[in-house]
Amino acid sequence: MDNNAPRSGGKGGLGSLFGGSEYSNTELAGVPLTGMSPLSPYLNVDPRYLVQDTDEFILPTGASKTRGRFELAFFTIGGSCITGAAFGTVNGLRMGLKETREMGWAKPRNVQILNMVTRQGASWANTLGSVALLYSIFGVAIEKARGAEDDINTMAAGTLTGMLFKSTGGLKGVARGGLVGLAMSGAYALYSNWDHIRGGSSSSSLY
């Protein structure tokens, strides 16, 4: 047997038994190996396709892009109660320290300060929570009655809330409460539309 005869390797060999062919390392040098690349092929994306120029969420037909008054009512009432409790706590602590400044630091003084803090916190939380509840009810009712959502609903709800909240003070109290509610709701509407107002004024000044 001739040892110098070419061995079955090259492009024959076992690969030819299965209908394939074998290649040398030189021929495979420029061929990328599938699954062996350190960078995922999914990361090779044109950044221009990642820019979102449409809405992020899919909304049902006729649905609003912002939350309505009914959804915001829970946040408004809860936030008002928490704000009132925090303000009442600070105010109760101030009043307790002021009223007991003649007493020494002992258990009676601590109990009196604690009672003042809890009383003021509960009172302010109840007050602001009631105002927020009335405002939310009026806002939802006016929105359903008018079939529209705009600043008129906000100002009308604020005015009616102030009038009802001060209804125990007679006609003067009702008028005063309505004016206060109108002023506060008007200030909130102005603050909400401030960017739009500034944009409109700046665009008109260009002409």
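In what follows, residues are counted from 1 in the order of the sequence shown.
Using modelled atom types, no side-chain atom of Ser123 and backbone atom of Arg119 make a donor-acceptor pair closer than 3.5 Å.
Rounded to the nearest 0.5 Å, atoms CG (Leu190) and CE (Met155) are 9.5 Å apart. In this structure, Leu128 CG and Ile77 CD1 are separated by 12.5 Å, a value rounded to the nearest 0.5 Å. The CE atom of Met184 sits 11.5 Å away from atom CG of Leu182, with the distance rounded to the nearest 0.5 Å.
Considering only residues two or more places apart in sequence or on other chains, Phe74 meets the ring-ring contact (aromatic ring centres under 6.0 Å, His included) condition with Phe70. Looking at residues two or more places apart in sequence or on another chain, you find a side chain to side chain contact (heavy atoms under 4.5 Å, CB included) between Asp151 and Ala189, Asn193. Every residue meeting the side chain to side chain contact (heavy atoms under 4.5 Å, CB included) condition with Ala73, not counting sequence neighbours, appears here in chain and number order: Ser136. Not counting sequence neighbours, Thr76 has no partner by the side-chain hydrogen bond (donor to acceptor under 3.5 Å, both in side chains) test. For Val131, the side chain to side chain contact (heavy atoms under 4.5 Å, CB included) partners are Thr161, Phe165, not counting sequence neighbours. For Leu114, the side chain to side chain contact (heavy atoms under 4.5 Å, CB included) partners are Thr118, not counting sequence neighbours.
The stretch residues 102-115 participates, sequence neighbours left out, in these side chain to side chain donor-acceptor pair (under 3.5 Å) pairs: Thr100-Arg109. The list of salt bridge (charged side-chain N to carboxylate O under 4.0 Å, His left out) pairs with a residue in residues 162-178, not counting sequence neighbours, is empty. Applying the ring-ring contact (aromatic ring centres under 6.0 Å, His included) definition to pairs two or more places apart or across chains, those involving residues 108-151 are Phe87-Trp124. Among residues at least two apart or in separate chains, side chain to side chain donor-acceptor pair (under 3.5 Å) pairs with a member in residues 89-98 are Asn91-Arg94, Asn91-Gln120.
Shown here for Cys81 and Gly129, the closest heavy-atom pair between the two residues is SG-CA, 3.6 Å.
Think of Leu171 as one node in a network of Ile, Leu, Val, Met, Phe, Trp and Tyr side chains linked at under 4.5 Å; it has no links at all. Through direct or relayed side-chain contacts under 4.5 Å between Ile, Leu, Val, Met, Phe, Trp and Tyr, Met95 connects to Met116.
Tracing side-chain contacts under 4.5 Å through hydrophobic residues (I, L, V, M, F, W, Y), one never reaches Val117 starting from Val111; they form parts of separate clusters.
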